[in-house]
Amino acid sequence: MHDLWFYEKHTDGYEVRWRITNVLHREATPYQQLAVLETIEWGRILVLDGVLQLAEKDEYVYHEMIAHVVMNSHSHPESVLIIGGGDGGALREVLKHQQVKNVDLVEIDQRVVEVSRQYFPQVAGSFDDPRAHLHIADGFDFVKTSDRAYDVIIVDSSDPIGPSEKLFSVDFYLDLDRILKSDGMVVVQSESPVFYAHHFAACHSNLLQVYPNVAVYLAPVATYVSGPWAFTIGSKQHEPTIINNQQPVLSDLKYYTADLHKAVFCLPRYVQDLIPKPE
Ligand code: SAM
């Protein structure tokens with residue numbers, strides 16, 4: 001067997017590597033380097049600019065947790081906006097809620113959607129749902145000009161470099177606030193509190209400038225750098241840490257449960273210490 005490895009470089013002192021059996025796809029899109037690799041331990045992986053975005057074996061953890069916490073904290077999420085998320089994983093989870101009437105998904109890179117549909121049909125299989133509407137556009141520009149109103153907004157972006165950077169800014173959060181209904185909620189993937197603690201803390205303080213209630217929860221994503229992954233909710237009214245949705249919690253999930261909803265907001269001390277206190 002060829003000795004092929006994919007190296008995910010984080011700093012000069014730290015990289016993670018996966019042994020692979022095949023390079024299924026590789027291209028330079030107008031926005032980024034995109035690859036699909038076959039690994040030995042984690043199934044197929046989607047890689048953007050050298051950073052793993054999803055692995056077949058554990059993608060359900062991240063996608064369930066970015067979607068179902070906020071979908072259950074909100075009392076009646078019918079209209080949802082997803083920024084990024086071109087692999088379709090968050091969309092798949094949101095559409096499991098029968099009360100959802102409309103989901104707009106705004107992905108900057110059409111090739112991420114096309115390649116995900118081809119190589120990850122179990123993840124990207126929901127784009128044909130009649131409730132789903134795909135917009136190929138920059139999410140930052142989309143929200144600036146949008147006149148729609150959403151119950152829930154999910155920011156499923158890549159790391160805050162390149163075109164994703166502005167998706168972590170106060171400006172962007174102010175625009176989200178404008179297009180959220182009066183009891184709307186936003187959830188943001190807010191990076192590793194271990195390895196990218198500065199990004200995590202900055203995201204929190206930016207959300208605090210806009211939303212009266214900001215809450216953090218964690219999920220372990222084995223294939224993301226350092227493991228624990230943070231999600232940060234900004235809420236106008238609903239308390240994020242409890243289930244306000246009157247619909248029964250979906251029972252066919254692999255990670256999220258009603259008990260877990262309460263547990264994930266209990267944060268270890270080192271994460272509490274990273275969170276800026278409101279002034
Ligand atoms: N779960 C993943 C993670 O944290 O590694 C991220 C999922 S998804 C693949 C991220 C997507 O955000 C990418 O497909 C990327 O093209 C998209 N993206 C980046 N910047 C964007 C922008 N300004 N507007 C819309 N989509 C953007």
Side-chain angles (χ1 to χ4, degrees), residues 8 25-37 45-55 59 62-63 66-67 70 79-95 102-121 123-129 131-148 150 152-180 186-191 196 199 202-203 206-207 224 229 231-232 234:
E8 186 185 64
H25 185 86
R26 202 172 169 197
E27 71 174 278
T29 78
Y31 297 98
Q32 52 212 339
Q33 300 290 328
L34 188 166
V36 179
L37 311 175
I45 61 172
L46 176 71
V47 180
L48 295 178
D49 284 340
V51 179
L52 184 147
Q53 304 291 308
L54 73 86
E59 57 82 17
Y62 175 90
H63 290 132
I66 199 168
V70 73
S79 179
V80 179
L81 171 65
I82 300 173
I83 302 286
D87 51 65
L91 177 68
R92 176 192 67 196
E93 297 304 322
V94 165
L95 288 170
N102 176 74
V103 187
D104 288 322
L105 186 146
V106 186
E107 163 63 55
I108 201 169
D109 192 341
Q110 183 160 7
R111 291 298 295 149
V112 174
V113 177
E114 291 166 350
V115 168
S116 299
R117 290 182 77 151
Q118 183 176 355
Y119 291 99
F120 300 92
V123 180
S126 299
F127 285 101
D128 294 329
D129 187 299
R131 296 172 292 164
H133 305 282
L134 173 64
H135 308 260
I136 299 299
D138 187 323
F140 188 82
D141 299 338
F142 182 94
V143 302
K144 248 192 198 329
T145 53
S146 173
D147 54 7
R148 302 181 195 188
Y150 297 97
V152 163
I153 300 178
I154 296 175
V155 186
D156 184 11
S157 72
S158 14
D159 299 335
I161 36 173
S164 288
E165 191 174 354
K166 51 198 176 187
L167 303 183
F168 289 81
S169 66
V170 177
D171 261 9
F172 179 65
Y173 296 150
L174 283 168
D175 283 328
L176 296 186
D177 184 53
R178 185 181 55 76
I179 60 172
L180 274 173
V186 55
V187 63
V188 175
Q189 79 80 2
S190 50
E191 299 288 311
Y196 291 117
H199 289 319
C203 175
N206 288 351
L207 280 166
Y224 285 178
W229 211 253
F231 301 85
T232 309

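The basis for the numbers below is simple: all heavy atoms, side chains too, and nothing from hydrogens, waters or symmetry mates. It should be emphasised that the depicted structure is a prediction, and the values quoted were computed from it without experimental measurement.
Taking all atoms of both residues into account, the shortest heavy-atom contact from Ile108 to Ile136 is O-CG2, 3.8 Å. Of all the heavy atoms in Ala132 and Leu95, the pair that sits closest is CB-CD1, 4.2 Å. Nearest heavy-atom pair, Gln53 versus Ser158, reported as atom, atom and distance to 0.1 Å: OE1-CB, 3.8 Å. Nearest heavy atoms, Ser190 versus Thr232: OG-OG1, 2.7 Å. Heavy atoms only, all atoms of each residue included: Leu105 and Gly84 are closest at CD2-O, 3.4 Å. Looking at every heavy atom in both residues, Glu165 comes nearest to Pro160 through CG-O, 3.8 Å.
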Verdict with supporting geometry, Phe172 and Val155, side chain to side chain contact (heavy atoms under 4.5 Å, CB included): CA-CA 11 Å; Phe172 179 65; Val155 186; 4.0 Å; yes

Does the pair Val186 and Leu207 meet the rule for a side chain to side chain contact (heavy atoms under 4.5 Å, CB included), with working shown? CA-CA 9 Å; Val186 55; Leu207 280 166; 4.2 Å; yes

Yes or no on salt bridge (Lys or Arg N to Asp or Glu O under 4.0 Å) for Arg117 and Asp128, after CA distance, side-chain angles and deciding distance? CA-CA 11 Å; Arg117 290 182 77 151; Asp128 294 329; 3.0 Å; yes

Could you walk me through whether Asp104 and Tyr150 pass the side chain to side chain contact (heavy atoms under 4.5 Å, CB included) check? CA-CA 10 Å; Asp104 288 322; Tyr150 297 97; 2.6 Å; yes

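Residues Phe120 and Asp87 fail the side-chain proximity criterion, which asks for heavy atoms closer than 4.5 Å. For the pair Val188 and Cys203, the minimum side-chain heavy-atom distance is below 4.5 Å. In this structure the side chain of Leu54 reaches within 4.5 angstrom of the side chain of His63, judged on heavy atoms. Contact annotation: the side chain of Ile153 approaches that of Ile179 to within less than 4.5 Å [non-hydrogen atoms, C-beta and beyond]. Side-chain contact check for Val143 versus Leu81: some heavy-atom pair is nearer than 4.5 Å. Side-chain atoms of Ser116 and Val123, non-hydrogen and from C-beta on, never get closer than 4.5 Å to each other. Side-chain atoms of Asn102 and Arg131, non-hydrogen and from C-beta on, never get closer than 4.5 Å to each other. Using a 4.5 Å heavy-atom cutoff, the side chains of Glu27 and Val115 are in contact.
No more than 12 heavy-atom neighbours from other residues, nucleotides or ligands sit within 6.0 angstrom of CZ on Arg26.
When the options Leu91, Ile66, Val106 are evaluated for a side-chain contact (heavy atoms from CB on, under 4.5 Å) with Ile82, the one that passes is Leu91. Exactly one of Asp175, Asp138, Asp141, Asp171 qualifies for a salt bridge (charged side-chain N to carboxylate O under 4.0 Å, His left out) with Lys166. That residue is Asp138.
Here Phe168 and His199 keep their ring centres 6.0 angstrom or further from each other.
Classified by interplanar angle (parallel below 30°, tilted 30° to 60°, perpendicular above 60°), the ring pair Tyr224/Tyr62 is perpendicular.
Looking only at distances, a side-chain donor or acceptor of Glu8 sits under 3.5 Å from a matching main-chain atom of Leu52. With hydrogens and angles disregarded, no donor-acceptor distance shorter than 3.5 Å links the side chain of Arg111 to the backbone of Gln32. Side-chain atoms of Gln189 come within 3.5 Å of backbone N or O of Glu191 as a donor-acceptor pair. A donor-acceptor pair under 3.5 Å is absent between the side-chain atoms of Ser126 and the main chain of Asp129, judged by distance alone.
Atom CD of Glu59 and atom CD of Glu93 lie 7.5 Å apart (nearest 0.5 Å). Between the OG1 atom of Thr29 and the CD atom of Gln110 there is a distance of 10.5 Å, given to the nearest 0.5 Å. Leu174 contributes atom CG, which lies 8.0 Å from atom NZ of Lys144 (distance to the nearest 0.5 angstrom). How far CG of Asn206 is from OH of Tyr173: 6.0 Å, rounded to the nearest 0.5 Å. Distance check: Ile83 CD1 to Phe142 CZ gives 6.5 Å after rounding to the nearest 0.5 Å. In this structure, the separation between OG1 on Thr145 and CZ on Phe140 is 11.0 Å, given to the nearest 0.5 Å.
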